[in-house]
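One structure below.
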Amino acid sequence: MTQLDAGLTALLARAGAGNGRKPPVERWNPPFCGDLDMRIAVDGTWHYMGSPIGREALVRLFASVLRRDEDGAHYLVTPVEKVRIRVDDAPFLAVELHAEGESAAQRLTLRTSVGDVVTAGPEHPLRFVVEPETEGLKPYVLVRGRLEALLSRPLLYELAALFDVRNGETGVWSEGAFFALPPEALTVLSEDTTGETAA
């Protein structure tokens, strides 16, 4: 273990990570201590100094002390420090979807690759974005604080099968809330889910 690795271990210890509960990072207001050579890729893989972090338990510990501030940047936070890391898209990836019920009574529960389980609804809204570069539809769910999870591509197809129409809008229900697609997404979705333009 390098000295910097030991420093990261100490950071986790100062945050109280690893005790089975998520530290209250939203309540802490520590000084900014600089940038850390850590990056979360689009596929949810965490990288440190250019190499993937292979230990899932370690990734989950880092995820537990992650916070996104009002400036839009992502930080690892302890009571006495915060360090900025790079996030290519959303910090988390949703990898499992469970749907029960129908229409307004439907509940969509999602699990992320770092172990968070949330039910989409007023407290955990879904949003949809059409990526300008690829014109692909990207669904996100709010996990905690300002941290979102991007739904993996297989989950997009599962979600598309659950789309409904309300007052002329296409979207999906969960926990009594209706999450509408942006109008520009309808053409993209119809092409993408039929396989005509899917990558």
Side-chain angles (χ1 to χ4, degrees), residues 1 4-28 30 35-79 81-99 107-129 131 138-159 174-175 179:
M1 180 177 288
L4 194 52
D5 290 332
L8 289 176
T9 301
L11 181 148
L12 291 171
R14 286 191 292 275
N19 60 8
R21 296 172 306 200
K22 286 191 171 54
V25 295
E26 301 295 334
R27 299 204 300 264
W28 295 338
D35 294 301
L36 183 67
D37 189 5
M38 186 174 285
R39 178 177 71 92
I40 306 175
V42 175
D43 65 359
T45 305
W46 289 59
H47 298 256
Y48 175 58
M49 297 184 69
S51 299
I53 301 175
R55 289 176 53 201
E56 182 180 346
L58 188 57
V59 168
R60 290 188 179 211
L61 283 176
F62 283 127
S64 73
V65 297
L66 184 65
R67 188 175 83 190
R68 185 182 183 195
D69 284 357
E70 291 181 358
D71 62 2
H74 293 81
Y75 301 90
L76 301 180
V77 182
T78 80
E81 70 209 308
K82 70 176 183 179
V83 292
R84 183 167 50 207
I85 68 171
R86 290 177 293 145
V87 177
D88 291 351
D89 194 334
F92 305 137
L93 186 70
V95 294
E96 188 175 351
L97 169 66
H98 175 72
R107 289 168 50 95
L108 302 177
T109 303
L110 297 121
R111 180 179 63 84
T112 73
S113 57
V114 292
D116 291 293
V117 176
V118 298
T119 298
E123 293 184 8
H124 301 281
L126 287 163
R127 71 180 180 98
F128 300 91
V129 174
E131 188 175 43
K138 300 173 76 172
Y140 298 84
V141 63
L142 184 65
V143 177
R144 61 178 186 270
R146 298 183 183 90
L147 300 174
E148 291 183 311
L150 171 66
L151 275 65
S152 65
R153 194 165 183 82
L155 294 196
L156 169 59
Y157 296 133
E158 289 185 42
L159 204 60
S174 187
E175 286 277 278
F179 302 102

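- Checking side-chain atoms of His74 against main-chain N and O of Arg68 turns up no donor-acceptor pair under 3.5 Å.
- Residues Phe62 and Ile53 meet the side-chain proximity criterion, which asks for heavy atoms closer than 4.5 Å.
- Of all heavy-atom pairs spanning Val143 and Val118, the tightest one is O-CG1, 3.9 Å.
- Looking at every heavy atom in both residues, Ala90 comes nearest to Leu150 through CB-N, 3.7 Å.
- With a 4.5 Å cut-off on side-chain heavy atoms, Leu110 and Leu97 count as touching.
- Under the 3.5 Å distance criterion, the side-chain polar atoms of His124 are matched with a main-chain donor or acceptor of Leu142.
- Here the straight-line distance linking atom CG of Asp88 with atom NE2 of His47 works out to 8.0 Å at 0.5 Å rounding.
- With a 4.5 Å cut-off on side-chain heavy atoms, His98 and Arg111 do not count as touching.
- Both tests do not hold together for Arg67 against Tyr75: distance to the six-membered ring centre under 6.0 Å, angle to the ring axis within 45°.
- Here the side chains of Asp116 and Lys22 are in contact, with some heavy-atom distance below 4.5 Å.
- Residues Pro139 and Phe179 are not in side-chain contact: their nearest non-hydrogen atoms beyond the backbone lie 4.5 Å or more apart.
- Taking all atoms of both residues into account, the shortest heavy-atom contact from Gly50 to Asp37 is N-OD2, 4.4 Å.
- Residues Phe128 and Leu159 meet the side-chain proximity criterion, which asks for heavy atoms closer than 4.5 Å.
- Here the closest heavy-atom approach between residue Phe92 and residue Ala63 is recorded as CE2-CB, 3.8 Å.
- Pro91 and Glu148 get closest at one heavy-atom pair: CD-O, 3.2 Å.
- The 12-atom threshold is not exceeded at CD of Glu123, counting heavy atoms of other residues, nucleotides or ligands nearer than 6.0 Å.
- A search for salt bridge (Lys or Arg N to Asp or Glu O under 4.0 Å) contacts involving Asp89 returns Lys138, not counting sequence neighbours.
- The nearest pair of heavy atoms linking Pro23 to Val65 is CG-CG1, 3.8 Å.
- Under 4.0 Å is where a charged nitrogen must lie from a carboxylate oxygen, and between Asp71 and Arg84 no such pair does.
- How far OG of Ser113 is from CD of Glu96: 12.0 Å, rounded to the nearest 0.5 Å.
- Counting only distance, with no hydrogens or angles, the side chain of Thr112 and the backbone of Ala94 share no donor-acceptor pair below 3.5 Å.
- Residues Ile40 and Leu66 meet the side-chain proximity criterion, which asks for heavy atoms closer than 4.5 Å.
- To the nearest 0.5 Å, atoms CG (Leu155) and CZ (Arg153) are separated by 12.0 Å.
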CA sep, side-chain torsions, deciding dist, call: Leu36, Ile85, side-chain contact (heavy atoms from CB on, under 4.5 Å)
CA-CA 6 Å; Leu36 183 67; Ile85 68 171; 4.2 Å; yes

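- You'll find the side chain of Leu76 stays beyond 4.5 Å of the side chain of Glu81, heavy atoms only.
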